[in-house]
Novice: 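I'd like to ask some things about the structure below.
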Number of protein chains: 2
Amino acid sequence: MGGEFQAAFWAAKRAMATASEEAYRRHGVRAGQQFLLYELWAEDGLTPGELARRLGLAVPTVTRTATRMESAGILRREPHPTDARLVRLRLTERGHELQELMTAEVVRLSEKALSTLDQADRERFIGYLNEVRKNLTTPDGMT
Amino acid sequence: MGGEFQAAFWAAKRAMATASEEAYRRHGVRAGQQFLLYELWAEDGLTPGELARRLGLAVPTVTRTATRMESAGILRREPHPTDARLVRLRLTERGHELQELMTAEVVRLSEKALSTLDQADRERFIGYLNEVRKNLTTPDGMT
DNA sequence: CCAAAATCGTTAGCCGGCTAACGTATACTC
DNA sequence: GAGTATACGTTAGCCGGCTAACGATTTTGG
């Protein structure tokens with residue numbers, strides 16, 4: 001029955017969303033900003049478009065999230081030196097400081113979510129999640 | 001590493017959300033309305049509060065979703081016969097007609113999402129999702 | 001070299017989750 | 001019976017996903 005899967009999935013999603021929000025809020029970071037931070041820690045100065053590509057998000061989602069992070073003092077917008085169409089998102093000092101704190105929160109949150117699963121289960125679980133994503137994003141006729 | 005789990009989970013969630021929206025839109029139903037429909041097909045005339053309890057949603061979420069469904073002609077609000085605080089949400093003819101169509105879409109969507117998993121994998125997957133929900137909604141100190 | 005096409009970021013607006021604050025109606029307590 | 005407490009639904013407003021439409025800039029082609 002498909003309904004059982006749907007119910008379980010969306011209930012887990014809501015629990016994850018609530019727990020994430022609660023874990024990150026302490027540091028002045030909202031749930032959706034985590035993804036941008038991860039990418040910018042790895043490579044500072046990315047553009048909204050590049051971030052959207054890497055994260056699989058729509059560009060306006062990144063734009064608005066970046067605006068909120070700018071208001072929160074986590075990053076700032078800088079003009080691109082050679083292409084006036086582009087905007088570079090650069091972390092502030094505070095943005096860099098968050099790396100350690102947020103990484104710890106992510107680990108803690110994931111550990112709590114997966115606490116009753118052993119290592120083999122966790123790997124299977126992540127594999128299932130990746131399968132779902134692939135199955136849904138692959139065009140119908142394709143292998 | 002917690003990041004891998006987070007990334008896989010949220011990517012799967014976005015794929016599910018997009019696919020759901022696309023599957024239901026054909027019938028004039030938006031993604032979030034599906035949950036109310038399931039409950040009302042089982043028992044018509046439930047109140048917003050009761051629906052929220054059964055679905056684990058916040059009451060205002062149900063209220064607003066119901067308003068949109070009312071605008072779409074899927075249900076209507078009726079006063080409760082004995083308690084003027086309560087509102088009964090009753091499906092229209094169209095709301096009942098959707099049951100067959102939507103159930104088929106849910107099955108099709110779930111089948112596509114899980115297409116590369118055999119029965120044992122699916123059961124394990126649903127089990128993992130339920131574990132995550134339980135682990136995150138159980139207060140910290142509890143067993 | 002200049003006009004048309006493509007690229008980029010932003011804005012506006014939809015849906016779906018949430019909390020906080022409010023008004024109304026019922027229930028409880030004295 | 002009156003006054004307080006509780007329960008219910010709605011409204012307002014936040015965040016995070018999306019698409020559509022726009023203005024500005026760069027690239028391309030004639």
Side-chain angles (χ1 to χ4, degrees), chain A residues 6 9-25 28-37 46-53 55-72 74-75 77-89 136-137, chain B residues 6 9-25 28-37 46-53 55-72 74 77-89 137:
Chain A
Q6 296 285 329
F9 187 89
W10 293 113
K13 174 260 171 182
R14 285 196 299 269
M16 284 278 292
T18 301
S20 298
E21 191 66 36
E22 197 253 335
Y24 304 152
R25 204 176 42 202
V29 176
R30 308 305 297 258
Q33 306 176 357
Q34 171 206 358
F35 306 115
L36 305 208
L37 282 174
L46 293 172
T47 66
E50 180 60 24
L51 274 170
R53 254 191 306 277
L55 294 169
L57 294 174
V59 175
T61 300
V62 173
T63 295
R64 195 183 45 189
T65 300
T67 300
R68 287 176 180 150
M69 294 170 79
E70 199 173 15
S71 299
I74 295 172
L75 57 77
R77 285 177 161 85
E78 290 185 358
H80 191 278
T82 67
D83 190 336
R85 291 173 303 183
L86 301 179
V87 168
R88 299 183 58 178
L89 302 177
L136 292 177
T137 53
Chain B
Q6 296 285 328
F9 186 89
W10 292 114
K13 174 260 171 179
R14 285 197 299 268
M16 285 279 291
T18 301
S20 298
E21 191 66 34
E22 197 252 335
Y24 305 150
R25 206 177 41 205
V29 175
R30 307 305 296 259
Q33 306 176 358
Q34 170 207 357
F35 305 114
L36 304 210
L37 282 174
L46 293 172
T47 66
E50 180 59 27
L51 275 169
R53 253 191 307 276
L55 293 169
L57 294 173
V59 175
T61 300
V62 173
T63 295
R64 194 182 46 192
T65 300
T67 300
R68 286 176 181 149
M69 294 169 80
E70 198 173 15
S71 299
I74 295 172
R77 284 178 161 84
E78 291 185 356
H80 191 278
T82 67
D83 190 335
R85 292 174 303 182
L86 301 179
V87 168
R88 299 183 57 176
L89 302 177
T137 52

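The analysis underlying the following values was restricted to heavy atoms, covering all of them including side chains, and did not include hydrogens, waters or symmetry mates. Residue numbering restarts at 1 for every chain, and letters A, B, ... go by the order of the sequence lines.
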Novice: Does a nitrogen or oxygen in the side chain of B:T61 sit under 4.0 Å from OP1 or OP2 of C:dC18?
Specialist: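 True: B:T61 side-chain N/O within range (under 4.0 Å) of C:dC18 OP1/OP2.
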
Novice: Between A:P60 and A:E21, which is nearer to the 5' end of DNA chain D once each is assigned its nearest nucleotide?
Specialist: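 Its nearest nucleotide lies further toward 5', so the answer is A:E21.
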
Novice: Can you see if the side chain of B:T63 gets near the phosphate of D:dT10 - specifically, an N or O under 4.0 Å from OP1 or OP2?
Specialist: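 Yes, B:T63 has a side-chain N/O under 4.0 Å of OP1/OP2 on D:dT10.
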
Novice: I need the CH2-P distance between A:W10 and D:dG16, as an integer number of Å.
Specialist: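 Going from CH2 in A:W10 over to P in D:dG16 covers 17 Å.
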
Novice: Taking it one step at a time, do B:L89 and B:E70 satisfy side chain to side chain contact (heavy atoms under 4.5 Å, CB included)?
Specialist: CA-CA 9 Å; B:L89 302 177; B:E70 198 173 15; over 6 Å; no

Novice: Could you say whether B:T65 or A:V62 is positioned toward the 5' end of DNA chain C, judged by the nucleotide with the nearest heavy atom to each?
Specialist: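 Nearest nucleotide further toward 5': that of A:V62.
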
Novice: Over how many whole Å does the gap from A:R14 atom CZ to C:dC15 atom C1' extend?
Specialist: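 For the pair A:R14 CZ and C:dC15 C1', the rounded distance is 15 Å.
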
Novice: When all nucleic acid strands are considered with a 4.0 Å heavy-atom cut-off, which category describes B:A17: base, sugar-phosphate, or nothing?
Specialist: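 B:A17: no heavy atom of the nucleic acid under 4.0 Å.
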
Novice: In this structure, how many angstroms lie between the C1' atom of D:dT19 and the CG atom of A:L57, rounded?
Specialist: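 Value for this atom pair: 14 Å.
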
Novice: Which one, D:dG16, C:dA27, C:dG16, comes nearest to the side chain of A:R30?
Specialist: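 So the side chain of A:R30 is nearest to D:dG16.
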
Novice: How many whole angstroms separate atom CG of A:D83 from atom P of D:dA24?
Specialist: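 From A:D83 CG to D:dA24 P: 16 Å.
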
Novice: Using heavy atoms to find the nearest nucleotide of DNA chain C for B:G56 and B:T82 separately, return the residue whose nucleotide is more 5′.
Specialist: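 Nearest nucleotide further toward 5': that of B:G56.
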
Novice: To the nearest Å, give me how far apart CZ (B:R53) and C1' (D:dA7) are.
Specialist: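 About 10 Å, once rounded to whole Å.
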
Novice: Please tell me if the side chains of B:R30 and B:T65 come closer than 4.5 Å, counting only heavy atoms from C-beta onward.
Specialist: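 No, too far: nothing below the 4.5 Å cut-off.
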
Novice: With side chains defined as the heavy atoms from C-beta onward, is the minimum distance between B:T18 and A:L136 less than 4.5 Å?
Specialist: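 The answer is no; the side chains never approach within 4.5 Å.
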
Novice: Nearest whole Å is fine: how far is D:dG17 C1' from A:L55 CG?
Specialist: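 About 13 Å, once rounded to whole Å.
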
Novice: With heavy atoms under 4.0 Å as the rule, sort B:T47 into base, sugar-phosphate or nothing.
Specialist: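 Touches sugar-phosphate only.
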
Novice: May I ask you to decide if the ring planes of B:W10 and A:F35 are parallel, tilted or perpendicular, using 30° and 60° as cut-offs?
Specialist: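 Answer is perpendicular, since the angle exceeds 60°.
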
Novice: In Å, rounded to the nearest 0.5 Å, how long is the span from OG1 of B:T47 to NE2 of B:H80?
Specialist: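 The distance works out to 8.0 Å.
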
Novice: In whole Å, what is the span from the CZ atom of B:R77 to the C1' atom of D:dT10?
Specialist: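 Distance check: B:R77 CZ to D:dT10 C1' gives 8 Å.
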
Novice: Once you apply a heavy-atom cut-off of 4.0 Å, does B:V87 come out as touching a base, just sugar-phosphate, or nothing?
Specialist: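 Here B:V87 touches the backbone only, sparing every base.
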
Novice: How would you label the contact of A:F35 with the nucleic acid (heavy atoms, under 4.0 Å): base, sugar-phosphate, or nothing?
Specialist: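 If one applies the 4.0 Å heavy-atom cut-off, A:F35 turns out to touch the sugar-phosphate alone, with no base involved.
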
Novice: Measure CG/B:L86 against P/D:dC8 and give the value in whole Å, please.
Specialist: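 One finds 7 Å between P of D:dC8 and CG of B:L86, rounded.
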
Novice: With a non-hydrogen cut-off below 4.0 angstrom, is B:T67 in contact with a base, only sugar-phosphate, or nothing?
Specialist: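 If one applies the 4.0 Å heavy-atom cut-off, B:T67 turns out to touch nothing in the nucleic acid.
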
Novice: Suppose we call a contact any N or O donor and acceptor under 3.5 Å apart; does that hold for the side chain of A:R64 and the base of D:dG16?
Specialist: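 For A:R64, whose side chain was compared with the base of D:dG16, there is a donor-acceptor pair (under 3.5 Å).
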
Novice: Would you sort out whether B:L57 and B:L51 count as a side chain to side chain contact (heavy atoms under 4.5 Å, CB included), showing the intermediate values?
Specialist: CA-CA 8 Å; B:L57 294 173; B:L51 275 169; over 6 Å; no

Novice: Between B:R68 and C:dC15, is there a side-chain N or O to OP1/OP2 distance below 4.0 Å?
Specialist: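 For B:R68, the contact criterion (side-chain N or O under 4.0 Å from OP1 or OP2 of C:dC15) is met.
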
